[in-house]
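Please read the structure below before turning to the comments.
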Amino acid sequence: MIPENRALFKGRVVAAYGRQYEVRLEGEGLGGNVLLCTPRGKKSLYVCGDEVEVEAADVTQGVITELLPRRSIFYRADTFKEKLIAANVTQVVMVVATEPGFSDELLTRCLCAVDSQKLSGLIVFNKCDLKTHLQQGRELLSPLVKLGYSVIELSALDGNLDDLRQRLSGHISLLVGQSGMGKTTLTNALVPGAEARTGIISNALKSGKHTTTHSRWYDLPGGGALIDSPGLQAFGLAHLTREQIENGFREFWPLFGQCRFRDCRHDREPQCAFRTALGAGSIDPRRFKIYQSLLVENRNHFPPS
Ligand SMILES: Nc1nc2c(ncn2[C@@H]2O[C@H](COP(=O)(O)OP(=O)(O)OP(=O)(O)O)[C@@H](O)[C@H]2O)c(=O)[nH]1
Ligand SMILES: [Mg+2]
Ligand SMILES: [Zn+2]
């Protein structure tokens, strides 16, 4: 029961859409109750996973009054706008699939954001029951496997998910990836009773619409939680500095400080450790190209040199 005067509760944003938030309350009494909340004030700053304080109006509605400190915030950004994806996650699970095919550039950008924030990252290669493009997908992923990224091959529809379950246990994991990769199908397979809507690929792609329209939090039976998110078409990294971008490419890590010039831009400078590694084949040329295009995209944010 809600007391006569409005009561304050702690809670977790379990879904965020537009300016409305579902907040699951914690603690005694109303613990577990989900309120539909609006934010106090004009700005809509909250995101799925946030811990907040809520003023309950009744047993169904409330107002978010306070944002509690975030342990992490995962987001992307283009030149004009930051797009928050989820808060307080400890692991980002990038979902790709054999069909309808995936962009290794988008994946690399996403990994760059994950590594630059020192979050734990994991790649799920889904729909391995469809064999036609299995090999092609493996080839796209092989440079990442060589770099030490974990790739779990599975089928969300009819596969054994024990490996993945183990990797998710105890983590707050965010599922991200392009539309149609099977993020929601995986969620449904991992979370009994989730029953979230999934899409027929052909329809989703034809209409350009994504099936999942907002992020949602699910508790995992074995402990930890999973956040399903809407499909991504782009992953802008306009928020990252040159140094953060370079930190997002783990093959560069042993090369830091090895170039002849301390302020080397790894472009045309003599005795550049990056270029030497590239020439020797120890840096994947495609990844290096993506790194360069990220610098070009962000050049307006960097101090002139
Ligand atoms: N054959 C096969 N189909 C799958 C598998 N996983 C998902 N699908 C199908 O792929 C389609 C898209 O799945 P969703 O789970 O909606 O994809 P999503 O990544 O959540 O897409 P968005 O919500 O748009 O981002 C559905 O028709 C699923 O049935 C799988 O392991 N094997
Ligand atoms: Mg979905
Ligand atoms: Zn250099």
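Here the structure is a predicted model, which means the values were calculated and not measured. We count residues from 1, following the sequence as given.
A salt bridge does not link E66 to R40: none of the charged side-chain nitrogens sits closer than 4.0 Å to a carboxylate oxygen. Classification of R71 and E51 as a salt-bridged pair holds, one side-chain N sitting under 4.0 Å from a carboxylate O. Salt bridge annotation for E153-R138: present, with a cationic side-chain nitrogen under 4.0 angstrom from a carboxylate oxygen. Look at E246 and R242 and you find a salt bridge, because one of the NZ, NE, NH1 or NH2 atoms lies within 4.0 Å of a carboxylate O, short of that distance.
Under the 4.5 Å side-chain heavy-atom criterion for grouping Ile, Leu, Val, Met, Phe, Trp and Tyr, L237 is connected to L144 within one hydrophobic cluster. A continuous path of hydrophobic side-chain contacts links V114 to I172 [ILVMFWY only; heavy atoms under 4.5 Å]. No path of Ile, Leu, Val, Met, Phe, Trp and Tyr side chains, each step under 4.5 Å between heavy atoms, connects L232 with Y75, placing them in separate hydrophobic clusters. Connection of M94 to L147 is established within a shared hydrophobic cluster, with ILVMFWY side chains joined at heavy-atom distances below 4.5 Å, either directly or through further cluster members. Linking ILVMFWY residues whenever their side-chain heavy atoms come closer than 4.5 Å, directly or via other members, places L220 and L154 in the same cluster.
P39 and V63 get closest at one heavy-atom pair: C-CG1, 4.2 Å. Considering all non-hydrogen atoms of both residues, S293 and E105 come closest at OG-OE2, 4.5 Å. The nearest pair of heavy atoms linking Q136 to H133 is OE1-CD2, 3.1 Å. T187 and A194 get closest at one heavy-atom pair: O-CB, 4.3 Å. Across I64 and C37, no two heavy atoms sit closer than the pair CG1-CB, 3.8 Å. Taking every heavy atom of both residues into account, S150 and L122 meet most closely at CB-CD1, 3.6 Å.
Between the side chain of S72 and the backbone N or O of V89, at least one donor-acceptor pair lies under 3.5 Å. Without hydrogens or angle criteria, Q61 side chain to V59 main chain gives no donor-acceptor distance under 3.5 Å. With hydrogens and angles ignored, the 3.5 Å screen pairs no side-chain donor or acceptor of S169 with any backbone N or O of Q166. Judged purely by atom type and a 3.5 angstrom limit, T98 has no side-chain atom pairing as donor or acceptor with the backbone of C128. Q244 contributes a side-chain N or O that, together with a main-chain N or O of T241, makes up a donor-acceptor pair within less than 3.5 Å. In this structure, K183 contributes its side chain and G177 its backbone to a donor-acceptor pair below 3.5 Å. Side chain of N126 to main chain of M181: a donor-acceptor pair is present (N/O by atom type, distance under 3.5 Å, no hydrogens or angles). Distance alone, capped at 3.5 Å, places no donor-acceptor pair between the T212 side chain and the H214 backbone. Counting only distance, with no hydrogens or angles, the side chain of D50 and the backbone of V47 share a donor-acceptor pair below 3.5 Å. No donor-acceptor pair closer than 3.5 Å links the side chain of Q20 to the backbone N or O of A16.
Considering only heavy atoms from C-beta on, R24 comes within 4.5 Å of D219 through its side chain. The side-chain heavy atoms of K127 and S155, taken from C-beta on, include no pair separated by under 4.5 Å. The closest side-chain heavy-atom distance from L174 to I85 is below 4.5 Å. The shortest distance between side-chain heavy atoms of T184 and T211 does not fall below 4.5 Å. The shortest distance between side-chain heavy atoms of N247 and L240 does not fall below 4.5 Å. When side chains are defined from C-beta on, L168 counts as touching Q91, because their heavy atoms get closer than 4.5 Å. Considering only heavy atoms from C-beta on, S282 stays 4.5 Å or farther from E251 through its side chain. Residues T213 and Y17 form no side-chain contact, since every pair of their non-hydrogen atoms from C-beta on lies 4.5 Å or further apart.
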* Could you check F125 against I152 for side-chain contact (heavy atoms from CB on, under 4.5 Å), going step by step and ending with a plain yes or no? => CA-CA 6 Å; F125 186 27; I152 300 184; over 6 Å; no
* To do: Go through the steps to decide whether D78 and K83 satisfy the test salt bridge (charged side-chain N to carboxylate O under 4.0 Å, His left out), and finish with yes or no.
  => CA-CA 8 Å; D78 58 29; K83 301 198 170 106; 3.3 Å; yes
* What's the verdict on side-chain contact (heavy atoms from CB on, under 4.5 Å) for V95 and I123, showing C-alpha distance, side-chain angles and the deciding distance? -> CA-CA 6 Å; V95 185; I123 300 166; over 6 Å; no
* Going through the checks in order, is the side-chain contact (heavy atoms from CB on, under 4.5 Å) test met by L107 and V96? -> CA-CA 8 Å; L107 182 57; V96 296; 4.1 Å; yes
* Asked: Is there a side-chain contact (heavy atoms from CB on, under 4.5 Å) between R286 and D104 once you walk through the steps?
  -> CA-CA 10 Å; R286 169 134 177 90; D104 62 331; 2.7 Å; yes
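Each ring pair (Phe, Tyr, Trp, His ring centres under 6.0 Å) pair with one or both residues in residues 259-293, not counting sequence neighbours, appears once here: F249-Y291, F252-F274, F252-Y291, H266-F274, F288-Y291.
A donor-acceptor contact closer than 3.5 angstrom links the side chains of T90 and H171. D115 and Y149 share a side-chain donor-acceptor pair at under 3.5 Å.
Here E22 contributes atom CD and L36 contributes atom CG; the two are 6.5 Å apart, rounded to the nearest 0.5 Å. Note that the CZ atom of R12 and the SG atom of C48 stand 9.0 Å from one another [nearest 0.5 Å]. Rounding to the nearest 0.5 Å places CZ of R109 at 11.0 Å from CZ of R76. Taking CG from L278 and CD1 from I283, the interatomic distance works out to 6.0 Å, rounded to the nearest 0.5 Å. Taken to the nearest 0.5 Å, the CD atom of E53 stands 8.0 Å off from the NZ atom of K10. Rounded to the nearest 0.5 Å, atoms CG (N88) and CG (L68) are 9.0 Å apart.
Within a 6.0 Å sphere centred on NZ of K118, heavy atoms belonging to other residues, nucleotides or ligands number more than 12.
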